[in-house]
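Shown next, in structure tokens, is the structure this report addresses.
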Amino acid sequence: KKLIRDKKEKTIDDILMDQDIFTGVGNIIRNEALYRAGIHPLSIVEKIPTTKLTKLINEVLKYARTFYENLTKNGTNKDFEVYKKNYAEDGSEVTMSLLKKSNRKIYFSEHHQELYD
């Protein structure tokens with residue numbers, strides 16, 4: 001958490017892609033973990049409550065494990081609740097946006113994921 005909090009003015013989507021903090025996390029894991037933790041990808045780190053940050057870290061670990069187990073067993077992973085979906089697992093509409101800095105797509109639910117700014 002300290003490594004994350006040290007970058008307090010960054011957005012959480014940038015932090016999740018920082019390989020010095022979250023080694024091995026890519027776009028799919030980022031999108032899924034943020035959705036499952038209920039955090040909007042453009043949330044500012046310092047504004048995210050500690051309990052939500054803890055939940056996010058746990059969701060990253062949990063989903064990364066699921067992702068790699070699926071790859072090992074099936075050669076693919078299609079266990080998505082928000083990534084490349086029109087509607088999220090909870091039935092809410094998914095927004096896809098292209099990030100300007102990284103030129104990567106993000107998928108999120110405005111209804112389910114809270115923006116901390």
Side-chain angles (χ1 to χ4, degrees):
K1 285 184 205 174
K2 182 182 177 339
L3 291 173
I4 297 168
R5 290 285 188 207
D6 285 347
K7 300 189 184 243
K8 62 184 178 184
E9 294 177 11
K10 288 195 161 219
T11 57
I12 195 64
D13 68 302
D14 280 341
I15 299 300
L16 285 171
M17 297 297 280
D18 185 332
Q19 297 299 298
D20 291 331
I21 298 173
F22 286 100
T23 303
V25 170
N27 204 37
I28 294 171
I29 295 172
R30 172 185 61 179
N31 285 283
E32 288 296 319
L34 285 167
Y35 174 76
R36 293 162 193 231
I39 301 171
H40 192 286
L42 299 178
S43 293
I44 305 299
V45 168
E46 71 180 337
K47 304 289 185 175
I48 301 171
T50 301
T51 56
K52 291 298 271 185
L53 198 55
T54 299
K55 181 165 179 53
L56 176 60
I57 293 166
N58 290 332
E59 291 297 338
V60 167
L61 294 171
K62 188 171 151 186
Y63 187 74
R65 199 172 294 121
T66 298
F67 183 89
Y68 291 113
E69 283 174 4
N70 286 341
L71 283 178
T72 302
K73 287 180 189 174
N74 309 322
T76 187
N77 177 57
K78 295 185 179 178
D79 184 14
F80 306 136
E81 291 184 9
V82 71
Y83 182 73
K84 289 192 174 181
K85 298 272 189 178
N86 291 323
Y87 295 93
E89 189 68 22
D90 67 347
S92 62
E93 192 171 351
V94 171
T95 300
M96 187 280 293
S97 185
L98 193 62
L99 296 170
K100 292 176 186 170
K101 190 165 48 171
S102 66
N103 205 32
R104 285 186 168 262
K105 291 179 184 176
I106 54 170
Y107 297 86
F108 58 95
S109 165
E110 296 279 358
H111 171 76
H112 179 76
Q113 293 171 257
E114 189 167 347
L115 177 62
Y116 300 96
D117 63 350

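Residue numbers count from 1 along this sequence. Because the structure is predicted, anything quoted here is derived from the model rather than measured.
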State plainly whether one hydrophobic cluster holds both [X] and [Y], where clusters connect Ile, Leu, Val, Met, Phe, Trp and Tyr through side-chain heavy atoms under 4.5 angstrom apart.
X	Y	answer
F22	I44	no
L56	Y83	yes
F67	I21	yes
I106	M17	no
L115	I15	no

Got more than 12 heavy atoms from elsewhere within 6.0 Å of CD, Q19? yes
Taking side chain as C-beta onward, heavy atoms only, is V94 less than 4.5 Å from N86? no
Answer whether the closest heavy-atom distance between the side chains of H111 and D90 falls below 4.5 Å. yes
Any donor and acceptor pair, going by atom type alone, linking the side chain of [X] with main-chain N or O of [Y] inside 3.5 Å?
X	Y	answer
E32	I28	no
N31	Y107	yes
D14	K10	no
S43	I39	no
E89	E81	no
Y63	D79	yes
K105	M96	no
S92	A88	no
R5	V45	yes

Relative to each other, are the rings of Y35 and H112 parallel, tilted or perpendicular (30° and 60° limits)? tilted
Nearest heavy-atom approach of V82 to S109 is CG2-N, 4.5 Å
Which heavy atom of V25 sits nearest a heavy atom of L16, and at what distance? CG1-O, 3.3 Å
May I have the step-by-step check of salt bridge (charged side-chain N to carboxylate O under 4.0 Å, His left out) for R65 and E69, ending in yes or no? CA-CA 6 Å; R65 199 172 294 121; E69 283 174 4; 5.4 Å; no
Given the rule in the ring pair (Phe, Tyr, Trp, His ring centres under 6.0 Å) test, do H40 and Y116 qualify, once you have shown the distances and angles that lead to the verdict? CA-CA 7 Å; H40 192 286; Y116 300 96; 9.6 Å; no
